[in-house]
Amino acid sequence: MDPAGYLTFGLSFASLFTLPTYSYASALSGAATTQHVPVLLNETLDNLNIKPGGRYIDGTVGGGGHSEAILASAPDVELLGLDADPAAIERAAIRLRSFGARVKLVNANFSQLGEVACAQHFDQVDGLVLDLGLSSDQLGDADRGFGFITGGPLDMRFDPTRGSSAADLINTLDADELAELIYQYGEEPASRKIARAIVAARPIHSADQLAAVIEQAIGRRGRIHPATLTFQALRIAVNDELGALMSALPQATELLHSGGRMAIISFHSLEDRIVKEYFRAAAQEHVAQPDDPPGLVYRSATLRLITRKPIVASEAEVLSNPRARSAKLRIAEKI
Ligand SMILES: C[S@@+](CC[C@H](N)C(=O)[O-])C[C@H]1O[C@@H](n2cnc3c(N)ncnc32)[C@H](O)[C@@H]1O
């Protein structure tokens, strides 16, 4: 363990001796290469204004697509990459190995962004990316339970060593709590019906078993699988995705130096709303009013909005990568 207590994979030689938790050899032998295609890649790079010798953080390194492009965009760029999923860190380490000591990879949740960045001496950076949600590698891995067609165990944790799995949740919550979770995080109109069917069918241990229970309860509606919103809701709850995002945004703002930019890519309205509202509030100046109470502390804006409306994928990108269909990219600059 490194001093901050995170699993760290430094690609520099020095880190191999100081951070024994991951070894370079085990990363090379253990992980498959990534299948993930990064979304809105050019749009992200164009807006980050990557500069030679600049320092960047990728808080969701995944398969390393955005990280690789940032590192390759200008000479001597350095990058700190985080991912909650240890398997993602291993895969990214393989992809990014040619950048050597310019990359540091840490297996950590971005809810601890500030602490991790300071421990790795990335406390004042030129740019930061969060590409939220899950990767195609995670979705396609039957053992992770993210996809309902794969039939794997119902896990859904980004970090399979921490917290409760989706199976723990659906086998222990009561019908009201389940319905609330499915409604809040999936915006699923049939949440009550689904929750009752789940409770009646328990115990449920596999992803395909859950998908079948939901399909039987509410039937098929069009081309999208009827379990889609429930799976989204469970994944968000299991990983506290919205809580992590809300805690990461102010930390990210703090880490940027003046003129540094953050690029956030979200995939559903719950995430996008959090980013939009945070950016809007951080870009607002509190202007003194005549009836303000004495002693009020006035807050000045910390961010400048670069995108008033989110950037979405082109038709060509959506055709070649259907994951890009719901992606929204928002950019803000530290004042
Ligand atoms: C869409 S993928 C990123 C793909 C990456 N940009 C690429 O080009 O390959 C999202 C990644 O974020 C990770 N992730 C999601 N929430 C996280 C969190 N709170 N902290 C750290 N990593 C997280 C997931 O494990 C996943 O690997």
Side-chain angles (χ1 to χ4, degrees), residues 6-9 31-45 48 56-73 79-96 103 105-117 127-141 144-147 155-163 185 232 235-249 251-252 262-268 270-272 274-275 313 317 321-329:
Y6 302 101
L7 299 182
T8 309
F9 192 120
T33 49
T34 184
Q35 302 298 316
H36 185 84
V37 179
V39 304
L40 294 169
L41 184 60
N42 292 334
E43 293 82 352
T44 304
L45 293 178
L48 278 178
Y56 297 85
I57 296 179
D58 183 346
T60 52
V61 80
H66 284 95
S67 291
E68 182 180 62
I70 290 170
L71 283 155
S73 290
L79 180 129
L80 170 64
L82 274 66
D83 203 293
D85 183 350
I89 292 291
E90 289 203 11
R91 264 189 298 267
I94 294 173
R95 181 172 191 167
L96 304 176
V103 187
L105 297 176
V106 181
N107 176 211
N109 197 296
F110 59 59
S111 60
Q112 292 162 310
L113 192 58
E115 202 183 322
V116 175
L128 182 144
V129 184
L130 293 181
D131 173 18
L132 300 167
L134 81 169
S135 69
S136 308
D137 300 320
Q138 292 165 323
L139 188 63
D141 183 345
R144 308 297 295 272
F146 287 111
D155 191 312
M156 294 197 190
R157 286 171 295 176
F158 289 140
D159 179 350
T161 66
R162 280 166 218 260
Y185 297 145
Q232 173 191 303
R235 198 198 77 215
I236 292 176
V238 162
N239 296 292
D240 184 22
E241 289 182 39
L242 305 183
L245 178 59
M246 283 191 265
S247 99
L249 291 171
Q251 297 181 61
M262 70 171 109
I264 317 286
I265 304 172
S266 63
F267 289 87
H268 54 77
L270 298 171
E271 281 172 347
D272 183 54
I274 290 171
V275 179
E317 181 174 1
N321 183 9
R323 269 192 82 251
R325 194 183 44 232
S326 46
K328 287 190 170 147
L329 167 64

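Just follow the structure's listing: the first ligand is 1, and inside any ligand the first atom is 1.
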**Student:** Is the shortest heavy-atom distance from the side chain of D131 to the side chain of F267 under 4.5 Å?
**Tutor:** yes
**Student:** Look at atom 8 (O) of ligand 1 and find which of H66, E241, R144 reaches it with the closest heavy atom.
**Tutor:** H66
**Student:** Checking contacts here: is it the side chain or the backbone of T34 that comes within 4.0 Å of ligand 1, counting heavy atoms only? Could be both or neither.
**Tutor:** neither
**Student:** Using side-chain heavy atoms (C-beta onward) and a distance below 4.5 Å, is L40 in contact with E317?
**Tutor:** yes
**Student:** Determine yes or no for a side-chain-to-main-chain donor-acceptor pair under 3.5 angstrom, with H66 supplying the side chain and V39 the backbone.
**Tutor:** yes
**Student:** Applying a heavy-atom cut-off of 4.0 Å, say which part of A244 lies close to ligand 1: side chain, backbone, both or neither.
**Tutor:** side chain
**Student:** N/O to N/O below 3.5 Å, does that happen between G63 and ligand 1?
**Tutor:** yes
**Student:** Return the closest protein heavy atom for atom 19 (N) of ligand 1 as residue, atom name and distance.
**Tutor:** N109 OD1, 2.9 Å
**Student:** With a 4.5 Å cut-off on side-chain heavy atoms, are F158 and L134 touching?
**Tutor:** yes
**Student:** Do Y56 and V129 make a side-chain contact, defined as non-hydrogen atoms from C-beta onward lying under 4.5 Å apart?
**Tutor:** no
**Student:** Check whether any N or O atom of P38, backbone or side chain, sits under 3.5 Å from an N or O atom of ligand 1, and answer yes or no.
**Tutor:** no
**Student:** When you look for heavy atoms under 4.0 Å from ligand 1, do you find them on the side chain of F110, its backbone, both, or neither?
**Tutor:** both
**Student:** Residue-level breakdown please: for R323 versus ligand 1, do any non-hydrogen atoms fall below 4.0 Å on the side chain, on the backbone, on both, or on neither?
**Tutor:** side chain
**Student:** For ligand 1, indicate whether the residue Q138 contacts it via side chain, backbone, both or neither (heavy-atom separation under 4.0 Å).
**Tutor:** side chain
**Student:** Suppose I only count heavy atoms of L132 and a 4.0 Å limit; which atoms of ligand 1 are within that range?
**Tutor:** 1 (C)
**Student:** Would one find an N or O of R95, backbone or side chain, under 3.5 Å from an N or O of ligand 1?
**Tutor:** no
**Student:** Among protein heavy atoms, which lies nearest atom 16 (N) of ligand 1, and at what distance?
**Tutor:** F158 CE1, 3.4 Å
**Student:** Just distances here: any N/O of H36 and N/O of ligand 1 closer than 3.5 Å?
**Tutor:** no
**Student:** Select one of side chain, backbone, both or neither to describe which atoms of A108 lie under 4.0 Å from any atom of ligand 1, heavy atoms only.
**Tutor:** backbone
**Student:** How far is atom 21 (C) of ligand 1 from the closest protein heavy atom, and which atom is that?
**Tutor:** A84 N, 3.2 Å
**Student:** For ligand 1, which atoms, with element, lie under 4.0 Å from some heavy atom of D85?
**Tutor:** 25 (O)
**Student:** Residue-level breakdown please: for L82 versus ligand 1, do any non-hydrogen atoms fall below 4.0 Å on the side chain, on the backbone, on both, or on neither?
**Tutor:** neither
**Student:** Which part of V61 is near ligand 1, with near meaning a heavy atom under 4.0 Å away: side chain, backbone, both or neither?
**Tutor:** backbone
**Student:** Are the side chains of T44 and I70 in touch, meaning some heavy atoms are under 4.5 Å apart?
**Tutor:** no
**Student:** Quick check: D131 and ligand 1, any N/O pair under 3.5 Å apart?
**Tutor:** yes
**Student:** Compare all side-chain heavy atoms of E271 with those of L242 and state whether any distance is below 4.5 angstrom.
**Tutor:** yes
**Student:** Less than 3.5 Å between some nitrogen or oxygen of G65 and one of ligand 1, yes or no?
**Tutor:** yes
**Student:** Among D83, D58, L242, which one puts a heavy atom closest to atom 24 (C) of ligand 1?
**Tutor:** D83
**Student:** Write out the residue and atom name of the closest protein heavy atom to atom 12 (O) of ligand 1, then the distance separating them to 0.1 Å.
**Tutor:** T60 CB, 3.3 Å
**Student:** Tell me whether the guanidinium CZ or amine NZ of R235 lies under 6.0 angstrom from the six-membered ring centre of F146 and within 45° of its axis.
**Tutor:** no
**Student:** Do NZ/NE/NH1/NH2 and the carboxylate oxygens of D155 and R157 come within less than 4.0 Å?
**Tutor:** yes
**Student:** Can you tell which of D85, D159, D137 makes a salt bridge (Lys or Arg N to Asp or Glu O under 4.0 Å) with R144?
**Tutor:** D85
**Student:** Heavy-atom contacts with G59 under 4.0 Å: which atoms of ligand 1 show up? List them by number with element.
**Tutor:** 21 (C), 22 (N)
**Student:** Heavy-atom contacts with G64 under 4.0 Å: which atoms of ligand 1 show up? List them by number with element.
**Tutor:** 7 (C), 9 (O)
**Student:** Just jot down the ligand 1 atoms closer than 4.0 angstrom to any heavy atom of L134, in number order.
**Tutor:** 1 (C), 2 (S)
**Student:** Using a 4.5 Å cut-off on heavy atoms from C-beta on, say whether the side chain of S67 contacts that of L96.
**Tutor:** yes
**Student:** Taking all non-hydrogen atoms of both residues into account, name the closest pair between L105 and A92 and its distance.
**Tutor:** CD1-C, 3.9 Å
**Student:** Which option wins on minimum heavy-atom distance to atom 14 (N) of ligand 1: G133, G243, G62?
**Tutor:** G133
**Student:** With distance as the sole test, does N321 use its side chain to make a donor-acceptor pair with the main-chain N or O of V37 at under 3.5 Å?
**Tutor:** yes
**Student:** Kindly compute the distance separating CG (L270) from CD (E241), expressed to the nearest 0.5 Å.
**Tutor:** 10.0 Å
**Student:** Give a yes or no on whether the backbone of G64 and the side-chain of D58 come within a donor-acceptor separation of less than 3.5 Å.
**Tutor:** no
